[in-house]
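Within every chain, numbering begins at 1; the chains are lettered A, B, ... in the order of the sequence lines, protein sequences first and strands thereafter. Heavy-atom basis, side chains included; hydrogens, waters and symmetry copies ignored.
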Number of protein chains: 2
Amino acid sequence: MVNKGQHKKSFIKAISAIYRYSQIYIGENIKKYHIGKGQWSFLTQLLFKADGLTQEELSEKLHIDKANTARAVKKLEAEGYVYWEGDPRDARKKRIYVTGKSLEFEEEFHQVFKNLNKILSKGFTEEEREITRNLLFRMLDNIVEYRSSQGK
Amino acid sequence: MVNKGQHKKSFIKAISAIYRYSQIYIGENIKKYHIGKGQWSFLTQLLFKADGLTQEELSEKLHIDKANTARAVKKLEAEGYVYWEGDPRDARKKRIYVTGKSLEFEEEFHQVFKNLNKILSKGFTEEEREITRNLLFRMLDNIVEYRSSQGK
DNA sequence: ACAATATAGTTGCGAAAGCAACCATAGGGG
DNA sequence: CCCCTATGGTTGCTTTCGCAACTATATTGT
């Protein structure tokens, strides 16, 4: 029987678990809007930041494969949360916009984010919250940079 | 067209992207051992910490559903990385142990973890690495506690 | 001792996501 | 102008994962 005692904990173990539990949390809280957790990030990107993005741009901003973007947009459209218009300058591009239905629920959607952040950072000082954001986005930048150095 | 300018970034956006890219990284680096990224965490938990755990214990430690544990263990067994023995005190329990084949690749597996940590924390001071670990595991504890307060 | 409940593990199902192959359109070079 | 390559989007396939339902064994209360 193997027993190595305490190892230095790796980042990815915590990140994986936080990710999965957060997805479950989001899923539970948006079910009533008939949105799945897979569509959530796309809708909120369009709603809280800017819409009129192409699917390619959405994929890039969210770091999600463009195949998923296509499928998520289709589901959001079917539920009436987004619509798209062709780009008059490039017939290949679909520009995605939020509908009035999305705007109607904007505040409620925002609350889901806020509540999740609150749960995750319970007991954090405001400074710790800022440090967390900083470190997380630096890690993300690091792995994005690593991937592009590998030609991805 | 909606355009809200800069919002305070949420933790989950970074965590999701880091998670997915890390999974891709792990997948690429363990493919040659015929292990999928879905089995990786189970194998390393057994190998780097302690084996002889039941599937229930594995699920709890890794915060992964027990159905996944059952499937991952089955795949790892099929590839010869683990075997199991019944618990003589409780005929329901399967205790999972690593094989010599796992031990043979232990150092290489460990290297995959180390390299990923190195990529993610590139440019971090040793203190920042420690802070990151601390904050991540506190976030994990927070959401675990939240869930148990909800009766999960 | 036996019925009721709890625990460990398995299986079926559906959602999410990446990859590869593909189609359509755009843009450049001969 | 036409071929060649690049870009944007779609579809098929596979893996991962959570949930719910199920089976089998253990435990508890009467």
Side-chain angles (χ1 to χ4, degrees), chain A residues 12 16-28 30-31 34-43 53-79 82 84-96 147 151-152, chain B residues 12 16-28 30-31 34-43 53-79 82 84-96 147 151-152:
Chain A
I12 192 57
S16 300
I18 295 168
Y19 169 78
R20 284 194 301 270
Y21 285 144
S22 296
Q23 288 297 106
I24 293 170
Y25 180 84
I26 291 170
E28 286 169 347
I30 62 177
K31 197 164 48 184
H34 302 109
I35 308 170
K37 51 187 157 45
Q39 294 99 60
W40 172 250
S41 56
F42 296 97
L43 179 55
L53 300 182
T54 65
Q55 294 187 182
E56 200 83 16
E57 289 165 340
L58 271 173
S59 290
E60 199 191 343
K61 281 190 188 299
L62 294 171
H63 305 279
I64 298 182
D65 188 273
K66 62 184 184 161
N68 279 306
T69 304
R71 288 183 283 247
V73 165
K74 192 183 289 182
K75 286 189 182 177
L76 286 171
E77 196 199 357
E79 290 290 337
V82 304
W84 62 273
E85 284 177 3
D87 184 320
R89 308 191 145 274
D90 189 336
R92 293 168 305 180
K93 292 182 180 171
K94 291 171 73 170
R95 298 207 167 266
I96 318 295
R147 287 169 55 84
K152 300 284 170 63
Chain B
I12 191 60
S16 299
I18 296 168
Y19 169 78
R20 285 194 302 271
Y21 285 144
S22 296
Q23 288 297 107
I24 292 171
Y25 179 84
I26 291 169
E28 286 169 345
I30 61 177
K31 197 164 49 185
H34 302 108
I35 307 170
K37 49 188 157 46
Q39 294 99 60
W40 172 250
S41 57
F42 296 97
L43 179 55
L53 301 182
T54 65
Q55 295 186 183
E56 199 84 16
E57 288 165 341
L58 272 172
S59 290
E60 197 192 345
K61 281 191 188 298
L62 295 171
H63 304 279
I64 298 182
D65 188 273
K66 63 184 183 157
N68 280 304
T69 304
R71 289 183 285 249
V73 165
K74 193 184 286 182
K75 286 189 182 177
L76 287 170
E77 196 198 357
E79 289 290 337
V82 303
W84 61 274
E85 284 176 3
D87 185 321
R89 308 192 145 276
D90 189 336
R92 293 170 304 180
K93 294 182 180 171
K94 291 170 72 170
R95 299 207 165 265
I96 318 296
R147 287 170 54 86
K152 298 286 169 63

J.: Answer with base, sugar-phosphate or nothing: what part of the nucleic acid does T54(A) contact at a heavy-atom distance below 4.0 Å?
T.: sugar-phosphate

J.: Mind jotting down which residue pairs meet the side chain to side chain donor-acceptor pair (under 3.5 Å) criterion with at least one end in residues 16-25 of chain B? Sequence neighbours excluded, please.
T.: H63(A)-Y21(B)

J.: So, using salt bridge (charged side-chain N to carboxylate O under 4.0 Å, His left out) as the criterion, who are the partners of D65(B) when residues are at least two apart?
T.: none

J.: So what does E28(B) touch, heavy atoms closer than 4.0 Å: a base, only the sugar-phosphate, or nothing?
T.: nothing

J.: How would you give the extent of chain A contacts on DNA chain D, as first and last nucleotide 5' to 3' within a 4.0 Å heavy-atom cut-off?
T.: dA6(D) to dC19(D)

J.: Heavy atoms under 4.0 Å, any strand shown: does E60(A) hit a base, just sugar-phosphate, or nothing?
T.: nothing

J.: With sequence neighbours excluded, tell me which residues meet salt bridge (charged side-chain N to carboxylate O under 4.0 Å, His left out) with R95(A).
T.: E57(A), D87(A)

J.: So which one's nearest nucleotide on DNA chain C is more toward 5', A70(B) or F42(A)?
T.: A70(B)

J.: Please list, by residue number, the residues of residues 87-94 of chain B whose heavy atoms come closer than 4.0 Å to an atom of DNA chain C; answer none if no residue qualifies.
T.: R92(B), K93(B), K94(B)

J.: K66(B): what forms a side-chain contact (heavy atoms from CB on, under 4.5 Å) with it, not counting sequence neighbours?
T.: E56(B), S59(B)

J.: For A67(B) and for Q55(A), find the nucleotide of DNA chain D with the closest heavy atom, then tell me which residue's nucleotide is more 5'.
T.: Q55(A)

J.: Sequence neighbours left out, what passes side-chain contact (heavy atoms from CB on, under 4.5 Å) with E60(A)? Give chain and number order.
T.: none

J.: Who passes ring-ring contact (aromatic ring centres under 6.0 Å, His included) against W40(A), sequence neighbours left out?
T.: F109(A), F113(A)

J.: Kindly write out the residues that satisfy side-chain contact (heavy atoms from CB on, under 4.5 Å) with A70(B), not counting sequence neighbours, or none if the list is empty.
T.: Q55(B)

J.: Reading DNA chain C from 5' to 3', where do the contacts with chain B start and stop? Cut-off is 4.0 Å to heavy atoms.
T.: dA6(C) to dC19(C)

J.: Residues in salt bridge (charged side-chain N to carboxylate O under 4.0 Å, His left out) with E77(A), at least two apart?
T.: none

J.: So for atom NZ, which belongs to K94(B), do other residues, nucleotides or ligands contribute more than 12 heavy atoms lying within a distance under 6.0 Å?
T.: yes

J.: Over all strands shown, is R20(A) touching base, sugar-phosphate only, or nothing at heavy-atom distances under 4.0 angstrom?
T.: sugar-phosphate

J.: On DNA chain C, compare the nucleotides closest to R71(A) and E57(B); which residue's is nearer the 5' end?
T.: E57(B)

J.: With sequence neighbours excluded, what pairs up with S41(B) under the side-chain contact (heavy atoms from CB on, under 4.5 Å) test?
T.: L62(B), I64(B)

J.: Is the shortest heavy-atom distance from the side chain of V73(A) to the side chain of L58(A) under 4.5 Å?
T.: yes

J.: Between N68(B) and K74(A), which residue's closest nucleotide on DNA chain D lies nearer the 5′ terminus?
T.: K74(A)

J.: Students often get this wrong, so: under 4.0 angstrom with heavy atoms, is Y19(A) touching a base, only sugar-phosphate, or nothing?
T.: sugar-phosphate

